[in-house]
Amino acid sequence: MNAGIRAVVRTAVSRGWEVLGVRHGYAGLACGDFIPLGRRDVSGVIGRGGTMLGSTRSPAFLLAETQERAIRILRERAVDAAVVIGGDGSQAGALALWQRGFPVVGVASTIDNDLHGSDITIGVDTALNIALEAIDRIKVTASSHERAFLVEVMGRNCGYLALMSGIAGGAECIVLPEVKTDPETVARDLRAAYERGKAHAIVVVAEGAQYNAEGLSNFFREHSERLGFDLRVVKLGHVQRGGAPGVFDRVLATRMGAAATESIQQGRFGVLMGLIGGEIAATPLAEVVGKEHPLDMKLVDLAAVLAQ
Ligand code: F6P
């Protein structure tokens, strides 16, 4: 997100505009918590994860009166347009502002990769690399001690992070919210891996799966004698949202941030800047919010074949 903020600030300033950063997301927008941002204020942020402005989950912004108050404050401060960097919840807020008449451009950013209107969103690649590094490290113990490990990755209700990190990490089994997988199937896949002579077995599970780390570890504990598995569980959690962004995310966020100010220049509002087919593309927010970004089921099938 910092790379996106930096690109918005520097491209806007180069157009002769003034930029205000909104602190703490919609909570800050609703109370006018703004800071002026010039070129030097974003120096050095491109290599830092997260957001220099801070972010909050703000249920109050779902209320019409909060949205109206935010617009009133923006107008009082003579703000002409806003750029909203975030995922589905943030873009729902952006759409609400736009529908109430305030000019907004969205930038697609979430590690979940569940946003319609972008093949890939800011943060996904870095989160995947963090998950992959963890899986590779866990594999060392899994192999030397001949143990089964379960690694839970984030992603809310979307299995993208689990699928991609599972494929890249050579998981024996991947458990996704999109595919009903009962615990007996996981146990069968693990047993089959050992029977094929594998020294280790890794299950990558999405936090949003029906049987996530908790559900699966409960099941394996309850049936440990019958299953004969000592399943160790690692939940990566917020570790995946930390760390320095990689090249892909820095460049993606830079391109999207620059495209957002270009869109403002052209007077094109109510759209989300995303990446479609390798190019930055604008999709109306009304088509984005609440829509799904389905998993590529061919990759799900491929993962099952590769795990053999
Ligand atoms: O949407 C991004 C995400 O990291 C999800 O993958 C995860 O479920 C959620 O946010 C965690 O939210 P919080 O940091 O508010 O607990």
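Numbering of ligands and ligand atoms starts at 1, following listing order. Just the heavy atoms: all of them, side chains too, but no hydrogens, waters or symmetry mates, feed the values below. Predicted, not measured: the structure shown is a model, and the values here were computed from it.
Nearest non-hydrogen protein atom to atom 16 (O) of ligand 1 is H238 NE2, 3.4 Å. In terms of protein heavy-atom proximity, atom 12 (O) of ligand 1 is nearest to R57 NH2, 3.0 Å. Counting protein heavy atoms only, atom 4 (O) of ligand 1 is closest to R241 NH1, 2.7 Å. Nearest protein heavy-atom neighbour of atom 8 (O) of ligand 1: E207 OE2, 2.4 Å. Looking from atom 9 (C) of ligand 1 to the surrounding protein, the closest heavy atom is R156 NH2, 3.6 Å.
The pair D230-R232 counts as a salt bridge, with a side-chain nitrogen and a carboxylate oxygen less than 4.0 angstrom apart. Under the 4.0 Å criterion applied to side-chain N and carboxylate O atoms, K198 and E172 are assigned as salt-bridge partners. Taking a cutoff of 4.0 Å between a charged side-chain nitrogen and a carboxylate oxygen, E133 and R137 qualify as a salt bridge. A salt bridge links E184 with R226: the closest approach of a Lys/Arg side-chain nitrogen to an acidic carboxylate oxygen falls below 4.0 angstrom. R15 and E262 are joined by a salt bridge, as a carboxylate oxygen and a charged side-chain nitrogen come within less than 4.0 angstrom of each other.
The proximity of Q240 to ligand 1, defined as any non-hydrogen pair under 4.0 Å, does not occur for either the backbone or the side chain. When non-hydrogen atoms are compared, ligand 1 lies under 4.0 Å from neither the backbone nor the side chain of L161.
Side-chain contact between F61 and Q67: present, with at least one pair of heavy atoms (C-beta onward) separated by less than 4.5 Å. At a threshold of 4.5 Å between non-hydrogen side-chain atoms, the residues L74 and F102 count as touching.
At a 3.5 angstrom cut-off on N or O pairs, G155 counts as close to ligand 1.
The option with the heavy atom closest to atom 6 (O) of ligand 1, from among D112, T56, D114, is D112.
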